[in-house]
Amino acid sequence: MDLLSGLNSAQRQAVTAGNGPVLVLAGPGSGKTRVLTHRAAYLVGHVAVPPYRIMAVTFTNKAAREMRGRIETVLGGSLRGLTIGTFHSICARLLRREAAHLPVTSDFVIFDESDQVALAKQALRDLDLDEKQYRPQSMLNAISKAKNELITPEAFRAETYFAEIAGRVYARYQALLHENNALDFDDLLMGIVMLFDDHPDVLAKYQQQYEHILVDEFQDTNTAQYAMLRQLAAVNRNLFAVGDVDQAIYRWRGADYRNVHRFQDDHPDALTVLLEQNYRSTQTILDAAMAVIDRNPNRTRKSLFTERGHGERLTVYEAYNEDEEAQFVVETIATLTMQDGLSPGECAVMYRTNAQSRAVEDAFIRAGLPYRLVGATRFYARREIKDLLAYLRLVHNPADSVSLARVLNVPPRGIGPKTIEALQACAAANGVPMGDILRGLGQEPPAEVQLAVTGKALKALADFGRQLNYWHTARAELSVVQLMDVILDQIGYHNYLNDGTDEGLDRWDNVVELRGVAAESPDAHLTGFLEEVSLVSDVDNLAEDGQAPTLLTLHAAKGLEFPVVFILGLDDGILPHQRSFDDPEQMAEERRLMYVGLTRAKDRLYLLRAFRRTQYGESDVSQPSRFLEDIPDHLVAGHTPRRTGRKANVASAYARATTWDGGSKPAAAQPVVLRFRTGQRVNHSSFGEGIVIESKASGGDEIVSIAFEAVGLKRLAASMANLELLEG
DNA sequence: ATAAAGTGACTTTTT
DNA sequence: GTCACTTTAT
């Protein structure tokens, strides 16, 4: 039947597999999504499995959306009842349904990273721990790691002093989450596994319902996710997993590609299908990618092949610095567009770290060309978006004290830290959330509370409480958009953002954009809207019809493909990243990251590096990436001198730089007159007297290092610090 | 209660 | 260099 007609034999074998566990090891571009969607369609269309008995799990909403669409296309009908979504969204849905067994109610909110930090800080304060000494972020890392490994606060075992502290913070943090009627991302996964463990009847219900479970990107599952899959598939044993250990790049997030091997150990009878034929790249690109990945130890070799022919050889280019590296990208894209009739949207620029995007953005801006940037400051992490969402979450769940603390004085309404402290104390004394105290104050007549706050501040609190009450009541009859408008209007948010700067205008645009998100689903209720926005990521919003080149990290590039790919920063220390040098496991992951990048390209691949690179404000000479050395010479064309002398490179780079932009370079060469010299005595208004150790120009300012008698060595910007030159 | 100055961190970040 | 955050000065 035509459902199978477009598949090669390996793909067909996987799609039509009978009952029992199936593991599909799919190389890049081998049609793994195709296999997954056709498998689902096959089950529904051929085996007559009702859609509601299938669960398909992905890691991103985008992947889930696409899969649903593609299954529907193959089947030519809608798939009502099919459970398809990310691990997190599916878990959230199930947890809400089974909330009776949870420490939170069914309308719990999901705390994101910054909420988590706020809560971790609170936990540290509650335990009288110094947040300088125990950084909230490292506490959260430990907590997240524990949750991914399904370790509860009670089961948390401390071997070290740090872990002992982390364990205590974990317990307090968890209690705070529940007080806020909130769960974090990791709780969604661990919560499900615990729920299933503690309530076999609940588990049995879902085990029966889900006759088939399909999983994408299986190499990226963590312990909790794997445990959940095992639980659900324990009875029917129809677990269909697709993955590629060579594309495992999320170890640092708790993912463990060894789950692929575990799957084979746990299911000795599993049908394993290897997909090696590539439908994306030229053979040259595949050969380069294999040359890189084959150096990783302990892996089963895959022989990727294509029928697309050899295509063009790769271009390796060594630029003088990151600006020239970016310039090369812009120029090359311009040339390809004009000479080869390529659309700029078919090009992607990939890099290891977000910081690298700046030079590229600058180059595009200088050339007056548009680009699309994925990631960086994520939309939902922006201050204005978080503010507005915090308001909505507070209206939805007055117990959410993290959101309350965020918006209590935003925009400023005369509620300072003293007042907040008093409110917190009052809430703690009465054992109720701060939101309830506020709403009590906003009642007519105000509720009686013991609150150490004076007239003006008290009025501010009561006013805010009144607004909160109003919104809380109004939320039932207003749409999300209407509620947003009411809140924005009443708090004067537009006015607050509009501070006359361009940034203020941008921020308001973002607010309008969020309003647009809400307007897209006018019938959605507040709960649904909040859940949707708390589970989205940036890649989810990457439009398909882009006319401009895409700038993104290698991590964000996974799962995507582009006719032309530029990989930047092939320097030792960047890719592979410095932090992976002393850990072979991490180094192997860097190599996989490179592999992922290489295999995104369909036709052309450009590998770039810079001889000199400015990082953290310091310019340093760098060595070529060791991965670059692994690519055989015969796959490379247009090799700029790489192992030849550095001087020639520098000279040619300068020559190019001058011919390209006759003087339009950014004002890096602004002369700075140095006022201070080593050995001079100076006086600073607060640090007192000291001796100048060093003075140099940097970033258009004079940076002076001074050894102060009272406070030791400091680095100050001469234009900022009020330095007085003393005699001597 | 804000604004300016100083400090310190800084890889990636599917949800 | 840039961001977030804290301390200090107004």
Side-chain angles (χ1 to χ4, degrees), chain A residues 57-64 85-92 110-114 116-117 121 131-132 135-138 141 144 148 183-189 216-217 219-222 225 249-255 350-356 358-359 374-378 380-381 383 409 412-419 456-457 531-540 552-559 569 573-580 586 589-590 592-593 596 614-619 668 684-687 698-701 703 711 714-717 719-722:
Chain A
V57 202
T58 64
F59 277 86
T60 68
N61 294 300
K62 182 171 172 253
T86 63
F87 273 101
H88 295 267
S89 68
I90 289 174
C91 288
I110 300 163
F111 270 11
D112 74 6
E113 220 173 285
S114 57
Q116 289 178 269
V117 171
K121 282 182 181 169
E131 53 179 87
K132 291 262 159 55
R135 298 222 328 280
Q137 198 54 64
S138 38
N141 285 342
S144 175
N148 287 162
L183 297 180
D184 64 21
F185 289 131
D186 300 321
D187 282 337
L188 298 175
L189 307 173
D216 195 9
E217 306 280 18
Q219 78 283 355
D220 287 337
T221 51
N222 62 31
Q225 287 159 336
I249 53 174
Y250 284 102
R251 195 176 88 99
W252 49 275
R253 282 286 274 112
M350 302 175 186
Y351 35 77
R352 175 67 240 260
T353 70
N354 275 310
Q356 290 174 259
R358 176 162 303 270
V374 179
T377 346
R378 307 147 61 79
Y380 287 98
R383 175 157 64 81
N409 201 34
R413 48 171 75 89
I415 301 174
K418 276 267 158 56
T419 315
K456 212 186 205 168
E531 168 137 346
E532 186 193 328
V533 298
S534 56
L535 296 176
V536 294
S537 70
D538 263 23
V539 233
D540 290 339
L552 74 182
T553 62
L554 289 163
H555 283 91
K558 196 171 80 157
I574 304 281
L575 181 62
H577 196 272
Q578 200 115 32
R579 294 222 180 171
S580 61
Q586 278 201 69
E589 180 141 321
E590 296 289 307
R592 293 193 290 268
L593 198 50
V596 167
T614 305
Q615 267 187 303
Y616 308 135
E618 298 287 342
S619 175
H684 183 271
S685 48
S686 48
F687 296 149
S698 174
D701 200 343
I703 304 295
V711 293
K714 299 278 175 201
R715 290 177 66 203
L716 307 173
S719 67
M720 302 288 234
N722 200 2

Starting from [atom2] on [N], measure out to [atom1] on [X] and report it in whole angstrom.
X: Gln137(A); N: dC5(C); atom1: CD; atom2: P; result: 11 Å
X: Phe185(A); N: dT13(B); atom1: CZ; atom2: P; result: 15 Å
X: Lys558(A); N: dT13(B); atom1: NZ; atom2: P; result: 12 Å
X: Gln615(A); N: dT2(C); atom1: CD; atom2: P; result: 14 Å
X: Tyr250(A); N: dT11(B); atom1: OH; atom2: P; result: 17 Å
X: Arg251(A); N: dT12(B); atom1: CZ; atom2: P; result: 17 Å
X: Met350(A); N: dT12(B); atom1: CE; atom2: P; result: 16 Å
X: Leu593(A); N: dT13(B); atom1: CG; atom2: C1'; result: 12 Å

Which residue lies toward the 5' end of DNA chain B, His88(A) or Arg413(A), if each is placed at its nearest nucleotide? Arg413(A)

Report the residue (Ala355(A) or Ser89(A)) whose heavy-atom-nearest nucleotide on DNA chain B is the more 5′ of the two. Ala355(A)

For dT10(C), which nucleotide in any strand shown is its Watson-Crick or wobble partner with both distances under 3.5 Å? dA1(B)

Counter-base of dT13(B), judged by Watson-Crick or G-U geometry with both distances under 3.5 Å: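 Base-paired to nothing in any strand shown.
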
Nearest-neighbour nucleotide for the [X] side chain, [options] considered:
X: His555(A); options: dC10(B), dT2(B), dT12(B); value: dT12(B)
X: Arg135(A); options: dC5(C), dA9(B), dC3(C); value: dA9(B)
X: Thr353(A); options: dT11(B), dC5(C), dT13(B); value: dT11(B)

So [Y] and [X], do their side chains get closer than 4.5 Å, heavy atoms only?
X: His555(A); Y: Tyr250(A); result: yes
X: Gln615(A); Y: Ile574(A); result: yes
X: Gln586(A); Y: His577(A); result: no
X: Leu189(A); Y: Asn222(A); result: yes

At under 4.0 Å between heavy atoms, what does Glu590(A) touch on the DNA or RNA strands: base, sugar-phosphate, or nothing? base

Regarding Gln586(A), tell me which of base, sugar-phosphate or nothing describes its non-hydrogen contacts under 4.0 Å with the strands shown.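 The answer is base, as Gln586(A) lies within the cut-off (heavy atoms under 4.0 Å) of a base atom.
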
His577(A) stacking on dT11(B): centroids under 5.5 Å, ring planes under 30°?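 Aromatic stack with dT11(B) present for His577(A).
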
dT12(B) pyrimidine/purine six-ring stacking with Trp252(A), under 5.5 Å and 30°: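 Whether judged by distance or by angle, Trp252(A) passes, so it stacks on the base of dT12(B).
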
For the atom pair CG (Asn141(A)) and CZ (Arg135(A)), what is the distance rounded to the nearest 0.5 Å?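 One finds 8.5 Å between CG of Asn141(A) and CZ of Arg135(A).
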
Phosphate-side-chain proximity, [X] and [N], N/O vs OP1/OP2 below 4.0 Å:
X: Arg592(A); N: dT12(B); answer: no
X: Ser580(A); N: dT11(B); answer: no
X: Asn354(A); N: dT13(B); answer: yes

Under the side chain to side chain donor-acceptor pair (under 3.5 Å) test against Asp220(A), which residue among Arg253(A), Lys558(A), Gln225(A) passes? Lys558(A)

